[in-house]
Amino acid sequence: MPLRRWTRDARLTFAMRNPLGGFSRVPAAPALTLRDLWPGDPLVGERLVRNQSLFEGVVRNLQHLQWDNPAWPEAYRRWLQGFTWLRDLRELGAESARIKARSMVATWIGQPASERPITDPSVTGARLAAWLSYYEFFAAAADDHFRQNLMAALIMEARSIMALMPEGARGWRALTALKGLLAVAVAIPDHPEFLSRYLKLIDQEIDQQFLADGSHITRCPEDQFQAVRELAEMLSILQTARLPLPTRLMEVADRAAPALRAMRHGDGGLMLFNGSRERDPQLIEQVLNRASRGRVVAASQPESGYIRLTSGRTMLFADAAGPAPAGYDSTAHAGMLSFEFSSGRQRIIVNCGASTQRGWSEALRVPAAHSVLEMGSLSPITRNQSGTITRRPTVTRAQASQEGAHWLHMTHDGYKPQGGGVYSRQLYLGKDGQTLRGAEALEGTESRDFCIRFHLHPDITVEEIEHGFLLYTHEESWLFQANVAAYLEDSVYLGSGERVDSLQIVLCPPEAPEPPEERAAAAEGDEAQAPETDGADHTAAHAQGDAYPEDNAAYPADHADSATEQDAFYGQPHAATEHEAYQPEHGDHAEQDGSAAYPDHTYAQTDAHGYAQEGEAYASAPQDNEEDAFSPLLHDAPPADSMPYQAASTTGLSHTDHSEHAPQETPSMAEALFAGQDAAADHASQTEGPTDHGASAQASESAASSKPAEAAPSAPAMRPVRWALTLMTD
């Protein structure tokens with residue numbers, strides 16, 4: 001037997017000595033009773049009265065003296081042994097519920113100390129807090145023998161927490177263990193060692209678990225919620241006992257509550273990343289109100305790496321960081337660069353969620369369960385048999401905001417060691433929240449064994465049309481388009497804990513580019529056959545300038561910086577490192593919860609337009625007259641309020657023959673929307689040598705010339721996958 005385990009068992013044996021045997025005095029009743037802060041479920045209480053348990057939708061029969069079973073899920077075992085279901089019996093309120101509560105507690109404390117499952121201090125802490133919170137309900141009117149045994153059990157099990165902590169529990173569950181120790185400390189003040197031990201351990205746990213921005217180290221919104229709830233309960237216990245509030249405990253609650261508020265969608269539920277579920281919005285609000293009096297929302301979370309963008313009625317959440325550190329990565333998912341999108345109170349694009357069931361728990365960790373790129377059978381992270389992550393990707397992010405519009409560029413190299421290249425995702429959220437657009441690319445590989453998934457919330461109804469998909473919510477309709485083939489697949493949603501069937505949009509990889517020789521020959525042929533009516537096209541385009549969408553007013557054609565900004569988004573940027581690209585300003589919090597406007601931020605190492613610069617500049621795209629880009633889109637396109645689509649050149653469209661003898665073929669909405677961008681990308685991939693496209697192009701050329709000759713690509717770069725989600729208005 002290992003020495004550590006032997007010493008742990010020895011400490012437990014010593015701690016579980018029955019104080020009724022004369023080792024110490026046992027009070028007849030608690031000096032102070034507590035009050036549970038959270039509501040219960042009377043339906044669960046009614047099942048318990050009937051000797052059944054209802055946990056996460058599963059009904060099980062209760063067996064006398066059976067508190068553990070290897071076939072049970074861990075979450076159910078913790079729930080049953082933690083006695084948090086006492087709040088459900090209390091919510092039922094009947095005398096039968098009181099009798100059932102007393103009977104089950106008597107069954108537990110009647111077990112010999114050596115046979116009680118007490119090796120998990122977090123479960124013990126939850127149990128002790130529940131006993132003291134509902135003491136008046138099930139124990140105050142009981143006989144003296146029951147109450148004496150209950151008080152002895154409180155002392156014994158509190159000692160077991162002291163014996164096992166801090167090694168016995170990690171993460172927010174360590175806070176649960178300390179909460180139980182604090183509850184016994186204020187209820188039995190004759191044992192001051194409980195309070196002194198709590199005060200010694202709580203600061204240590206706070207320093208280990210909470211990052212500087214108030215987010216939890218596991219990067220799991222569910223853990224953030226649970227940790228804030230434990231902090232709120234500790235503060236309530238200390239206030240009830242009229243004890244001084246530890247300074248560090250108050251400070252971390254004031255930081256963690258705004259971080260939790262920043263993880264909520266418009267419906268009040270949590271975003272779904274790294275093992276999180278929606279949770280009851282009312283319960284989340286109660287927890288926040290108990291933990292902090294303010295209603296501020298964290299303006300940024302640079303330590304956790306979550307990005308929250310708001311514009312108009314819409315919210316976008318993106319996972320722009322790698323897995324949590326070793327020891328706290330048990331809930332980590334392979335969903336780096338995934339995002340969720342909601343409008344008002346309706347979620348539209350989501351991740352699949354999480355589950356406590358063993359099979360589903362593992363299935364929901366893979367990239368296919370997230371709204372992100374999936375590359376065949378490859379995984380961006382690697383785990384060992386114990387579940388610890390052994391290979392972690394490097395994730396970079398760069399963000400900019402201007403006049404209410406937001407740009408976000410993220411990369412990770414999780415597929416690179418397996419030959420999959422570097423995954424790059426660029427997102428744009430329009431200033432009014434009516435446009436969400438993106439570009440996806442794999443750099444450094446020619447593999448096309450990938451797809452991009454967009455999981456839809458079960459409430460979304462989908463209609464397939466000629467130019468894309470119409471997504472219907474209860475109040476709105478959104479149009480999804482892409483420049484590649486797209487189709488619908490079945491999906492599942494476990495955001496509420498139960499499996500619900502849903503749909504997902506899947507984008508196929510772009511077609512392989514033409515060989516350089518054929519591309520050059522086609523270009524020569526096009527030049528030889530160029531019509532003489534080229535100038536007429538430009539004249540006609542200028543004549544229609546008054547029909548541009550109103551949103552374009554934010555970026556007029558004569559904007560001096562628009563070309564550089566446009567190039568920066570749809571070039572091939574060299575992503576800044578995580579440290580350089582994401583340093584927020586000194587303001588930590590927004591003013592009020594639920595504000596519609598997301599504040600602009602300035603990040604270190606950025607250029608005049610807010611884009612991070614390191615090593616080499618963003619590549620430049622060819623500059624054509626801005627009217628050319630929108631002349632085919634004047635009547636049927638979504639509002640063109642985004643810089644990405646203005647950045648595109650329309651080289652391929654400007655040679656269209658408009659003579660009366662030529663056949664007139666009007667491009668479809670999707671074709672017109674993406675053709676210009678793809679032409680610009682093709683043109684940029686062929687451009688070599690000096691150009692006159694401004695300082696950005698010169699910087700790009702300079703950076704390229706400093707690379708070894710063998711690093712030059714022998715084939716054109718893979719065309720990015722572009723997509724757009726646009727609100728359809730009357």
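All values below come from the heavy atoms of this structure, side chains included, with hydrogens, waters and symmetry mates left out.
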Looking at Asp207, I want to see if its CG is surrounded by more than 12 non-hydrogen atoms of other residues, nucleotides or ligands under 6.0 Å. yes
Within the side chain of Ser311, is there an N or O that forms a donor-acceptor pair under 3.5 Å with the backbone of Gly433? yes
Restricting to non-hydrogen atoms, name the atom on Glu340 and the atom on His265 that form the minimum distance, rounded to 0.1 Å. OE1-NE2, 3.0 Å
Give a yes or no answer on whether the side chain of Arg365 reaches the backbone of Ala332 with a donor-acceptor pair at less than 3.5 Å. yes
Reported CG-to-CD distance for the pair Asn274 and Gln224, which is rounded to 0.5 angstrom: 12.5 Å
Listed by chain and number, what are the side chain to side chain contact (heavy atoms under 4.5 Å, CB included) partners of Glu489, not counting sequence neighbours? Arg453, Tyr487, Gln504, Val506
If every non-hydrogen atom of Ala320 is compared with every non-hydrogen atom of Met410, which pair is closest and at what distance? CB-SD, 3.6 Å
Residues in side chain to side chain contact (heavy atoms under 4.5 Å, CB included) contact with Ala75, at least two apart in sequence or another chain: Phe55, Thr356
Contacts of Asn384 meeting side chain to side chain contact (heavy atoms under 4.5 Å, CB included) (sequence neighbours excluded), chain-then-number -> Ser386, Thr388, Thr390
Can you tell whether the side chains of Asp329 and Arg219 come within less than 4.0 Å, N to carboxylate O? no
Decide, yes or no, whether a salt bridge links Arg347 with Asp267 under the criterion of side-chain N to carboxylate O below 4.0 Å. yes
Locate the shortest heavy-atom distance separating Gly414 from Arg391; write the atom from each residue and the value. O-NH1, 2.9 Å
Apply side-chain hydrogen bond (donor to acceptor under 3.5 Å, both in side chains) to the pair Tyr423 and Glu443, showing each step before the final yes or no. CA-CA 7 Å; Tyr423 172 36; Glu443 303 169 0; over 6 Å; no
In terms of side-chain geometry, is the basic nitrogen of Lys431 or Glu403 positioned less than 4.0 Å from the acidic oxygen of its partner? no
Would you give the length of the straight line joining atom CG of Leu270 to atom CZ of Arg277, rounded to the nearest 0.5 angstrom? 10.5 Å
For the residue pair Gln209 and His216, confirm or rule out a side-chain donor-acceptor distance under 3.5 Å. yes
Pair Phe480 + Phe454: ring centers closer than 6.0 Å: yes
side-chain hydrogen bond (donor to acceptor under 3.5 Å, both in side chains), that's the test. Do Ser424 and His409 meet it? Break it down for me. CA-CA 7 Å; Ser424 170; His409 176 241; 3.1 Å; yes
Rounded to the nearest 0.5 Å, what separates atom NE2 in His457 from atom OG in Ser342? 10.0 Å
Side chains of His455 and Ser491: do they bring a donor and an acceptor to under 3.5 Å? yes
Considering only heavy atoms from C-beta outward, does the side chain of Pro367 approach that of Phe450 to under 4.5 Å? no
Any sub-3.5 Å donor-acceptor pair from Asn483's side-chain atoms to Arg722's backbone N or O? yes
Classify the side-chain pair Glu222/Gln226 by whether it contains a donor and acceptor separated by less than 3.5 Å. yes
Measure the spacing between CD1 of Ile217 and CD of Glu303 and express it to the nearest 0.5 Å. 10.5 Å
State whether Tyr493 and Arg499 meet the cation-pi test: NZ (Lys) or CZ (Arg) under 6.0 Å from the six-membered ring centroid, and within 45° of the perpendicular axis. no
The test is side chain to side chain contact (heavy atoms under 4.5 Å, CB included); show your working for Gln399 and Leu309 and say whether it passes. CA-CA 10 Å; Gln399 179 186 356; Leu309 306 179; 3.1 Å; yes
Answer with yes or no after comparing the ring centroid distance for Tyr328 and Trp172 against a 6.0 Å cut-off, counting only values under it. no
Trace of the side chain to side chain contact (heavy atoms under 4.5 Å, CB included) decision for Cys451 with Leu373: CA-CA 6 Å; Cys451 64; Leu373 179 142; over 6 Å; no
Is there a donor-acceptor contact under 3.5 Å linking the side chains of Ser122 and Arg173? no
List the steps and the verdict of side chain to side chain contact (heavy atoms under 4.5 Å, CB included) for Ser355 and Leu494. CA-CA 7 Å; Ser355 174; Leu494 291 95; 3.8 Å; yes
Are a donor atom and an acceptor atom from the side chains of Ser215 and Gln301 found within less than 3.5 Å of each other? no
Taking all atoms of both residues into account, what is the closest heavy-atom pair of Arg425 and Ser338, and its distance? NH1-CA, 3.8 Å
Polar side chain donor-acceptor pair, Thr411 to Thr396, under 3.5 angstrom: yes
Restricting to non-hydrogen atoms, name the atom on Pro323 and the atom on Ile389 that form the minimum distance, rounded to 0.1 Å. CB-CD1, 3.5 Å
Yes or no on ring pair (Phe, Tyr, Trp, His ring centres under 6.0 Å) for Phe273 and His370, after CA distance, side-chain angles and deciding distance? CA-CA 9 Å; Phe273 295 96; His370 301 78; 7.7 Å; no
Atom pair OG/CZ of Ser304 and Phe210 - distance to nearest 0.5 Å: 13.0 Å
Closest non-hydrogen atom pair, Ser292 against Ala253: CB-O, 4.4 Å
Between Arg248 and Glu251, is there a salt bridge with N-O shorter than 4.0 Å? no
Between the OG1 atom in Thr331 and the CG atom in Asp223, the distance rounded to the nearest 0.5 Å is 5.0 Å
Check the angle between the aromatic planes of Trp723 and Phe339 and answer parallel, tilted or perpendicular using the 30° and 60° thresholds. parallel
